[in-house]
Amino acid sequence: MSKIPELSNPSVCMRDPHRVEDLLQAMQKAGSNTIQVISDFDMTLTRFAYNGKRCPTCHNILDNSKLITNECKEKLKELLNKYYPIEIDSSRSIEEKLPLMVEWWTKAHELLVQQKIQKDQLAMVVRESDAMLREGFQWFFDHLQEHSIPLLIFSAGIGDVLEEVIRQAGVFHSNVRVFSNYMDFDETGVLKAFKGELIHIYNKREGALLNTGHFQELRTRPNVLLLGDSLGDLTMADGVQDMENILKIGFLNDKVEERKQSYLNSYDIVLVNDETVEVPNAILLYLTSNK
């Protein structure tokens, strides 16, 4: 691992460092034109916390904004208090959580639709929010663009808000594609529904398979760097055909002790309470450096 000193950072945990080394070597040898990056957004590309205070997800940005009435905020908070503990409960199976997550997202989206949110207010809401991309994000996005490496962001959040966050950060480059829940506005620009199939934390695999057209274009890129922060994110690359290598990096942000083992069993590299993309950046630098 001497080529990537950042893998010795205190936040880094690996179940099998030798396997990580083999994967990295194979991917570097294949060349950066065979690589694609598939990433979650909330709490993966964005920070979990800053100065001890939780940072908002795409949904939170709206929930906390002045576009939402206090009554609606209360209802959304009740949903969070009911369902978030279920989402991160390591004693429940994904099968058990799945219908409950659908229920949560569906109820939350119904509440948002009742608020008659206007499309032209989204930029202001993002600007006034505490949304923050992880430290080192600028290099991450710019480097991928410079090397023409596709970045697929797969999010159970709200696509319109997500795009605005990266647009305002100046990193919504042409190599970025977003799969998420998009708002459907009426002709006066008022939110009337959400489009298409609901993407929630545990059905990203279906989303990946529905979007095989996107993956089809990337058939010449069988090597995947995957970034996520939940066990549901591990299926985001299931639409990639003829995959050769996949290196999975997981951010473990919350309930560290009780979830660490399950993350180590599923991700190749686990980053514990790390608010930066320093390790992914170091890996990208290695993968794009000339042999």
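We number each residue from 1, following the sequence as shown. Side chains are part of it too, since the values below use all heavy atoms of this structure and drop only hydrogens, waters and symmetry mates.
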Check your understanding: Would Asn70 and Glu74 count as a side chain to side chain donor-acceptor pair (under 3.5 Å) if you check the C-alpha gap in whole Å, the side-chain angles of each, and the deciding distance to 0.1 Å?
Key -> CA-CA 6 Å; Asn70 286 338; Glu74 278 309 306; over 6 Å; no
Exercise for review: Carefully, step by step, assess Tyr182 and Glu163 under the rule side chain to side chain donor-acceptor pair (under 3.5 Å).
Suggested key: CA-CA 10 Å; Tyr182 279 90; Glu163 288 191 4; 2.5 Å; yes
Revision key, fill the gap. Here the pair of heavy atoms bringing Leu80 nearest to Pro85 is O-CD, 3.6 Å
Check your understanding: Within a reach of under 6.0 Å around CD of Glu135, are more than 12 heavy atoms found that belong to other residues, nucleotides or ligands?
Key -> no
Review point. Ser230 versus Asp40: any side-chain heavy-atom pair under 4.5 Å?
Key: no
Check your understanding: Within 45 degrees of the axis of the six-membered ring of Phe140 and under 6.0 Å from its centre: does Arg134 put its NZ or CZ there?
Key -> no
Practice item. Evaluate the side chain to side chain donor-acceptor pair (under 3.5 Å) criterion for residues Asp186 and Thr188: first the C-alpha distance (whole Å), next the side-chain angles of each, then the deciding distance (0.1 Å), finally the verdict. Key: CA-CA 5 Å; Asp186 67 16; Thr188 63; 2.7 Å; yes
Study note, to complete from the structure: For Asp268 and Ile246, the nearest pair of non-hydrogen atoms, with its separation, is OD2-O, 3.7 Å
Exercise for review: List the steps, then state whether side chain to side chain contact (heavy atoms under 4.5 Å, CB included) holds for Val240 with Gln36.
Suggested key: CA-CA 10 Å; Val240 180; Gln36 55 177 306; 3.9 Å; yes
Revision key, fill the gap. Rounded to the nearest 0.5 Å, the CD atom of Gln28 sits from the CD1 atom of Ile4 at a distance of 8.5 Å
Point to revise | Atom pair CG (Leu23) and CG (Leu247), whose distance is rounded to the nearest 0.5 Å | key: 5.5 Å
Exercise for review: Using modelled atom types only, decide if a donor and an acceptor are shared between the side chain of Arg259 and the backbone of Asp254 within a distance under 3.5 Å.
Suggested key: yes
**Study point:** Geometric class of the Phe194/His109 ring pair [parallel <30°, tilted 30-60°, perpendicular >60°]
**Key:** parallel
Point to revise | Backbone of Asp229 reached by a side-chain donor or acceptor of Thr44 within 3.5 Å | key: yes
Check your understanding: Is a donor on one side and an acceptor on the other found under 3.5 Å between the side chain of Glu275 and the backbone of Ala49?
Key -> yes
Review point. Are side-chain heavy atoms of Leu112 and Ile158 found at a separation under 4.5 Å?
Key: yes
Review point. Is there a donor-acceptor contact under 3.5 Å linking the side chains of Gln168 and Glu164?
Key: yes
Check your understanding: Okay, side chain of Thr235, backbone of Asp238: is any donor-acceptor separation there less than 3.5 Å?
Key -> no
Check your understanding: Does any non-hydrogen side-chain atom of Phe185 lie less than 4.5 Å from one of Asp160?
Key -> yes
Revision key, fill the gap. Interatomic distance, CD1@Ile166 vs CZ@Phe172, rounded to 0.5 Å, equals 4.5 Å
Review point. So, the side chain of Ser180 versus the backbone of Gly159: is there a donor-acceptor pair under 3.5 Å, distance only?
Key: yes
Review point. Are the side chains of Arg92 and Leu100 in touch, meaning some heavy atoms are under 4.5 Å apart?
Key: yes
Point to revise | Side chains of Phe179 and Met236 in contact at under 4.5 Å (non-hydrogen atoms) | key: no
Point to revise | Salt bridge Glu78-Lys82, side-chain N to carboxylate O under 4.0 Å | key: no
Practice item. First locate atom CG of Leu284, then atom OG of Ser289, and finally report the distance between them rounded to the nearest 0.5 Å. Key: 11.0 Å
Exercise for review: Taking all heavy atoms of Met101 and all of Tyr202, pick out the closest pair and write down the distance.
Suggested key: CG-CD1, 3.7 Å
Practice item. With the side chain counted from C-beta on, respond yes when Tyr267 and Asp233 share a heavy-atom pair under 4.5 Å apart, and no when they do not. Key: yes
Exercise for review: Using modelled atom types only, decide if a donor and an acceptor are shared between the side chain of Asn245 and the backbone of Ala26 within a distance under 3.5 Å.
Suggested key: no
Practice item. Check Thr57 against Met43 and note the closest heavy-atom contact, atom names and distance. Key: CG2-CE, 3.4 Å
Point to revise | Aromatic contact, His143 with His173 (centres under 6.0 Å) | key: no
Review point. Hey, is the main chain of Lys75 close enough, under 3.5 Å, to the side chain of Lys107 for a donor-acceptor pair?
Key: no
Review point. Distance from Leu111 atom CG to Glu71 atom CD, nearest 0.5 Å?
Key: 9.0 Å
Check your understanding: Does OH belonging to Tyr84 count more than 12 external heavy atoms closer than 6.0 Å?
Key -> yes
Check your understanding: Would you say the side-chain atoms of Asp22 pair up with the backbone N or O of Arg19, donor to acceptor, closer than 3.5 Å?
Key -> no
Review point. Any sub-3.5 Å donor-acceptor pair from Lys119's side-chain atoms to Gly189's backbone N or O?
Key: no
Review point. Is it true that Trp104 and His200 have ring centroids separated by less than 6.0 Å?
Key: no
Exercise for review: Please report the shortest heavy-atom distance between Ile149 and Ile35, naming the atom on each side.
Suggested key: CG2-O, 3.5 Å
Study note, to complete from the structure: Here the pair of heavy atoms bringing Leu225 nearest to Met27 is N-CE, 4.2 Å
**Study point:** Donor-acceptor contact present, side-chain Asn181 to main-chain Gly157, <3.5 Å
**Key:** yes
Check your understanding: Quick one: are Asn175 and Ser148 in side-chain contact, heavy atoms under 4.5 Å?
Key -> no
Check your understanding: With a 4.5 Å heavy-atom cut-off, do Ile283 and Val279 have their side chains touching?
Key -> yes
Check your understanding: If you round to the nearest 0.5 Å, how far is CG of Leu231 from CD1 of Ile88?
Key -> 11.5 Å
